[in-house]
Structures are given as structure tokens and as C-alpha cells.
Asks: 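Below are the C-alpha cells for one structure; questions will follow.
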Amino acid sequence: MAPQKIAAAIIEYMARPPYLAAATIAGPGFINFRLADDWLAQQVERVLVAGDNFGRLAAGQGRPVQVEFISANPTGPLTFGSGRNAVLGDALAAVLEAAGYRVHREYYLNDVGNQMELFARSLRARYAEILGRPEQYPFPENGYPGEYLLDMARRLVSEVGDAWLNLEAAESQQIFYQEGLKRMVARIKADAAALNIHFDAWFSEKSLYDDGTYQRVFEKLQADGQLLEKEGAIWFKGETEDDKDNVVVRSDGRPTYFAGDIAYVYDKLVIRGFEQAIYIWGADHHGHVARIKAAARALGLDDSRVTIILYQLVTLERDGKPVRMGKRSKFVTLAEVVAEIGADATRFMLLTRSADSQMTLDLGLAVKQSTDNPVYYVQYGHARIASIFTKAAAEGVSTASPNLSLLTHPAELSLIRQILRLEEVVAHAANTKSPHHLTYYAQELAAAFHSFYHHCRVVGSNPALSAARLSLVKAAKIALANTLHLMGMTAPEQM
RNA sequence: GCCCCGGUAGCUCAAAGGAUAGAGCAACAGUCUUCUAAACUGUAGGUUACAGGUUCGAGUCCUGUCCGGGGCGCCA
């Protein structure tokens, strides 16, 4: 049967609820449903009643989900590269929360291993250097050269003097390790907080070894024949001939990062019982996706409970010239960028592109564009609404018992349509785990408002219409603020 | 060599296998005596890298090629 005929039949026999104004056949058999204008207008009431909860859905049914993000080694401040991870993870967490999941935000702290040892030795060398004793603890090969370690060492000198130079070498390594870690974590926490990101937990990798989780998981894998010994090391066996094996315990007896990963996924899914463990990783970690999923399977878990969101790396330019990133060379810190362009702009910019898209960011340009940056366009919409309310209060217009049926102007109706879309945008962003949709929606919602603002005067037309429009504008404010908050941004009353 | 991501308007990017592929910036032409012009209205701009294939229907899925980025067992 021709699609058009099927469409005609559906239209002929389908129910006609009152909210449906028309159903027409278009193109190659599509059915267009048109919502009744008055039904749309009445939806404003629903938005006002929902308030802060508008856009929250029941879909997730309170199921526990963990989003683990950033998790950068505590060997330096967060780099701008971590910014994308931070923004993606936090916005995804917010979206899942809005979709009705019980979300746990977590930072995995790699507080054991080579890198931390190297970090501690680097810090100690700086400390000795400042005290004029560089020969006692020479700067290690491949050590961390960043300025921040000099600063940290200077503070240590001012706090404890040269006392730590008199300690035995092993003991001093221990002290620099612990002090350095403590201070670095505090710094990272502050870096995240500057972006309005707060974790429910900072999970210590070390704790997996201390509390026996690692031992338990290791024994389970061994008992199940998932491990094998070769070349003096212990390997996690690939599932097929083509799969590669991965080292779990080095030939010197120390576990690898992967060992911690296996114990950690067990902790997430079995011990703590999260239904989903979501990881936010840079594309440079993509080689680890297969093995963490394989580890989950080896532990008898359904690997669909493990979701890895890979994002492409951000390359940075300043006025057209590439800026090198990475902890071992001169790098741009996240805090630096936030200080330069603000938390809201940083979040919006890093969230605008899908995780799959590579992005190059020009710092010079980001600052220069700050006045016509979309972030201001969206926030300005919110501020403009706030000023309407100031005006309305001065003129004595209220939203009490408005006659919403007066909302019939095309600009009013299209604003209502955009407001109502928030719910499907949240659902879509949660289903596809793509929080970048929020930024596009925010711009479309703001555009609908700005257009409305231009075409329809709120305060100053007849009182009944003013009351109805004020209600609409209040609903728009709710939708805009809720969207901004999902993106971790502020909704300013004034700009 | 193998694996992952991308290639869409001049630029930066969207697009749940569905209709005539959309925004912002840049360009061009207009709009402030008014609740904030950080705004609005309009015009122009496309062989969705290339070649095949699957499908009623492909930017989207499959195969191959080219270009850019990332990765490939005792670093994380």
C-alpha cells in the first residue's frame, strides 16, 4: 500500500484528542500533527507549577548510576585538557539526574604508582634546590618541571624550614609524597570548584589495595583462570587468540594501573552496586576500552553496565599559534582559562561540541569573542526577563490568575513550544549521553525569547494580556534557568 | 601494519536511518522616543572529502581510497 494511503487511513481512524488541532498528510506519507494553540497556551501553567523541577523526568526511576570523570593524576594542577572532561562529565551527570537517575559523581585518585613517586621526588628535589642543597636530591630524570612544584616547595620551606633535609631518604620520600599529594588534591579540588564542579567522592586507588578489594579480585580472576604468568609478569588473558594480553602485575611484583582498574570496576558494580558505571576518558585512552570491558566480563559482569565516553582532545592555540599541552611541558592550566574567560564561558564553550568532535580553541579569540559569545546571548535572555519583572513590579502587574488563552501571537506560541521542548531535550541528552545538546537548545530557547521580546510588549499593553505574558515570561525564565543550571552555569538576574 | 574519532555553508560546528541538511560567526540590507540593541527582521551562501554498496528512504549503516587527530603488553 502506498504510504500516502496508509497515512490517510490512520488519519481517518485515529482518535482526535482536544489538544490536536490538525493532522495532515505531507510529503511522501508523513503525518503532521498540529497542536492546538489554546492547549499550548495552557501548558504555561504546568511549567509554572513545576518550577525548578520543570525538565525533570521519571525515566531513570532512581536507578543508581556513577559518573567518574576528570580523574587526572594528582601530580599537577588540572590542565585545560581536563576541562573538557570536567565539563562533559558534570553536565552528563546533571542530565542523568534530571532524567531521574540517582547519580554519584566521583574522581578516581591515582594516589599510588610510578607517577606519584616521581612527583614526590621532583618536589623533594625542588625543596632541596631552594635550600641550596641540590646535590642532596638531584632533580629526577623525567621529573615534573612545572612552576607549581617550585611554588609548593617554597611554601614547604617557609613552613618547615630545612627540617625535611635531615630526614633519612626513605622517610623523606614518604613525607614529600603525602604532603605533596594532600596539597595537590586540594589544588585540584579548587580548580574543579572554580568551574562549579563538586564530587560526591574522591576515590583513592590506594584504598583498593589497603582494604583487600584488589586481593579479592585478583584471587577471583586467578581461580577462574583469567590470569597467566609469562616473562616474569602476571597477565590478564585475552579472550581470543587475536586479543592481546595485558600486564596486571609487573615482574618486580608491583601491580599496574590496569590492576587498579579491574579492582575499581568490581568495586563500582559489585561492592557498591551501581547499575551503570560511566567513565569519561580522553581519546588517548581508547585502547583501554576493550580491556576494561573484558575485565568486567571476566568478573562475570554484563559489560553493558560499563559505558566509556571518549572525547577527542582539545588542542589549544593562542592567536593562531599552537600552545603545547601536557604536564611535562609548559601547559595551560584550567584555572588560568577560567580566570581569563570565566567559568560560565569555559563550560559553555567546552560543552558546545559533541565529544566526538576535535576542537581547537584559540585563547586570544575566546577572550575577544566574549561579547558575542553565545553564552552571553543565553544569559542575557535570562537577565532581560528579570528586568521585565522589575518593571512589572513597579507598574503593579501581577501574574495572579492569568487568562492564558490570550497567548495567541506566533512569537508567544513558538516561545511556548521551545519551553516545552526542554523535557525531550533532557531525555534525548540522557539517552544518547550527549550533554552538548543542551547548549543548542539553550540558544534556541533564548532566540525564541528574544524574538518574543521584540514582537510582544509585556508591561504596558492591556492588563489582562500583560498578566498572561508575564506568566509566559516566567515560564521562559524557569526553562532558561533550569537549562543553564544543567550546564553548570549561572542564570544572572542582571548583566 | 592494526584499532578509534573526525572530514557538512567562507570559518567554528549541529543534525534519534526519514520530508526542502540547520545554527552561530563572517558578508550584505534593514530595525532603538519603548520592559537592557549583549537584541530583532531579512538576503546570500551546500555535489555532506571521494568511489561503490545496503535500504522504500543514507550526512547518518557497510566496503574501499584520500586527508587531519589519537592510540597499539610490564607509563598513566
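This structure is a prediction, so every number in the text was calculated from the model and none was measured. To find a chain, count down the sequence lines: A is the first, B the second, and so on, and within it residues start at 1.
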Asks: Rounded to whole angstrom, note down the P distance from rG45(B) over to rA38(B).
Replies: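 Nearest-Å result for rG45(B) against rA38(B) at atom P: 30 Å.
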Asks: If you apply the rule salt bridge (Lys or Arg N to Asp or Glu O under 4.0 Å), what do you find for Asp252(A) with Arg254(A), and how did you get there?
Replies: CA-CA 6 Å; Asp252(A) 65 6; Arg254(A) 292 175 310 140; 2.9 Å; yes
Asks: Which of the following nucleotides, rC35(B), rA76(B), rG70(B), is nearest to the side chain of Asn110(A)?
Replies: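 Of the candidates, rA76(B) comes closest.
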Asks: Given rA76(B), rA39(B), rA16(B), identify the nucleotide with an atom nearest to the side chain of His428(A).
Replies: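 In terms of side-chain proximity for His428(A), the closest of rA76(B), rA39(B), rA16(B) is rA16(B).
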Asks: Please pick, from rA16(B), rU34(B), rC74(B), the nucleotide with the shortest atom-to-atom distance to any side-chain atom of Asn431(A).
Replies: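 Given the options rA16(B), rU34(B), rC74(B), the side chain of Asn431(A) is closest to rA16(B).
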Asks: I'd like a list of close polar pairs between nucleotides 54-62 of chain B and the protein, N/O only, cut-off under 3.5 Å.
Replies:
none

Asks: OP1 or OP2 of rC40(B) less than 4.0 angstrom from a side-chain nitrogen or oxygen of Tyr377(A), does that happen here?
Replies: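 Affirmative; the distance criterion is met.
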Asks: What base-paired stems does RNA chain B take part in, with at least 3 consecutive Watson-Crick or G-U wobble pairs and both distances under 3.5 Å?
Replies: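 RNA chain B forms these stems: B:1-7 with B:66-72, B:10-13 with B:22-25, B:27-31 with B:39-43, B:49-53 with B:61-65.
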Asks: Grab the CZ-P distance between Phe449(A) and rU41(B) for me, whole Å please.
Replies: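 So the CZ-P distance, Phe449(A) to rU41(B), works out to 13 Å.
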Asks: Measure the spacing between CG of Leu149(A) and CZ of Phe139(A) and express it to the nearest 0.5 Å.
Replies: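 Answer for the CG-CZ pair, Leu149(A) versus Phe139(A), is 7.0 Å.
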Asks: When rounded to the nearest Å, what value does the distance between C1' atoms of rU34(B) and rA39(B) take?
Replies: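 It comes out at 14 Å once rounded to the nearest Å.
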Asks: Between atom CD in Gln379(A) and atom P in rG24(B), what is the gap in whole Å?
Replies: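 My rounded result for the distance is 18 Å.
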Asks: Please determine if a side-chain N or O atom of Asn114(A) lies less than 4.0 Å away from the OP1 or OP2 oxygen of rC75(B).
Replies: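 Yes, because at least one side-chain N or O of Asn114(A) sits under 4.0 Å from OP1 or OP2 of rC75(B).
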Asks: Closest to the Tyr257(A) side chain: rG73(B), rA76(B), rG70(B)?
Replies: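 Per side-chain heavy atoms of Tyr257(A), the pick is rA76(B).
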Asks: Could you encode protein contacts along nucleotides 4-14 of chain B as a string, one character per nucleotide from 5' to 3', using B for base contact, S for sugar-phosphate-only contact and - for no contact, with a heavy-atom cut-off of under 4.0 Å?
Replies: SBS-----SSS
Asks: Could you please name the option among rG18(B), rC74(B), rA76(B) that lies closest to any side-chain atom of His285(A)?
Replies: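 In terms of side-chain proximity for His285(A), the closest of rG18(B), rC74(B), rA76(B) is rA76(B).
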Asks: Starting at atom CH2 of Trp281(A), determine the distance to atom C1' of rG71(B), rounded to an integer number of angstrom.
Replies: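 Interatomic distance, CH2 of Trp281(A) to C1' of rG71(B): 13 Å.
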Asks: What's the closest nucleotide to the Asp284(A) side chain, out of rG70(B), rA19(B), rA16(B)?
Replies: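 Nearest to the side-chain atoms of Asp284(A), counting from C-beta on, is rG70(B).
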Asks: Starting at NE2 of His450(A) and ending at P of rU41(B), how long is that distance when rounded to a whole Å?
Replies: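 These atoms are roughly 10 Å apart.
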Asks: Go through rC35(B), rA39(B), rC74(B) for me and flag the one nearest to the Thr256(A) side chain.
Replies: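 The answer is rC74(B), which lies nearest to the side chain.
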Asks: Examine rG73(B): is either OP1 or OP2 under 4.0 Å from a nitrogen or oxygen in the side chain of Arg250(A)? Give yes or no.
Replies: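 The answer is no; no side-chain N or O of Arg250(A) sits under 4.0 Å from OP1 or OP2.
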Asks: Does the structure place the NZ or CZ of Arg384(A) under 6.0 Å from the centre of the six-membered ring of Tyr453(A), at an angle of no more than 45° from the ring's axis?
Replies: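 Output yes; distance and angle both within limits.
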Asks: Would you kindly give the CZ-to-C1' distance between Arg254(A) and rC75(B), to the nearest whole Å?
Replies: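 One finds 10 Å between C1' of rC75(B) and CZ of Arg254(A), rounded.
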Asks: Can you measure from CG (Leu334(A)) to CG (Asp191(A)) and round to the nearest 0.5 angstrom?
Replies: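 Interatomic distance, Leu334(A) CG to Asp191(A) CG, rounded to 0.5 Å: 6.0 Å.
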Asks: With rounding to the closest Å, how many angstrom separate the C1' atoms on rU12(B) and rA16(B)?
Replies: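 To the nearest whole Å, 24 Å.
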Asks: Name the closest nucleotide to the His288(A) side chain, picking from rA76(B), rC74(B), rC40(B).
Replies: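 For the His288(A) side chain, the nearest candidate turns out to be rA76(B).
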Asks: For His455(A) and rC40(B), give me the distance from atom NE2 to atom P, rounded to whole Å.
Replies: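 So the two atoms are 10 Å apart, to the nearest Å.
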Asks: Could you give the distance separating rA15(B) and rC5(B) at their P atoms, to the nearest angstrom?
Replies: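 The answer is 15 Å between these two P atoms.
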Asks: So if I take every side-chain heavy atom of Val459(A) and compare against rC35(B), rA76(B), rC40(B), which nucleotide ends up nearest?
Replies: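 Nucleotide nearest to Val459(A)'s side chain: rC35(B).
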Asks: Ring of Phe203(A), cation from Lys268(A) - is the NZ or CZ under 6.0 Å from the centre and inside 45° of the axis?
Replies: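 No, a cation-pi geometry is absent between Lys268(A) and Phe203(A).
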Asks: Could you tell me whether Ser251(A) contacts a base, only the sugar-phosphate backbone, or nothing, with contacts defined as non-hydrogen atoms closer than 4.0 Å?
Replies: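 Ser251(A): base contact, heavy atoms under 4.0 Å.
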Asks: Considering only heavy atoms and no angle criterion, is a donor-acceptor pair shorter than 3.5 Å present between the side chain of Asp261(A) and the base of rA76(B)?
Replies: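 Donor-acceptor pair under 3.5 Å: no.
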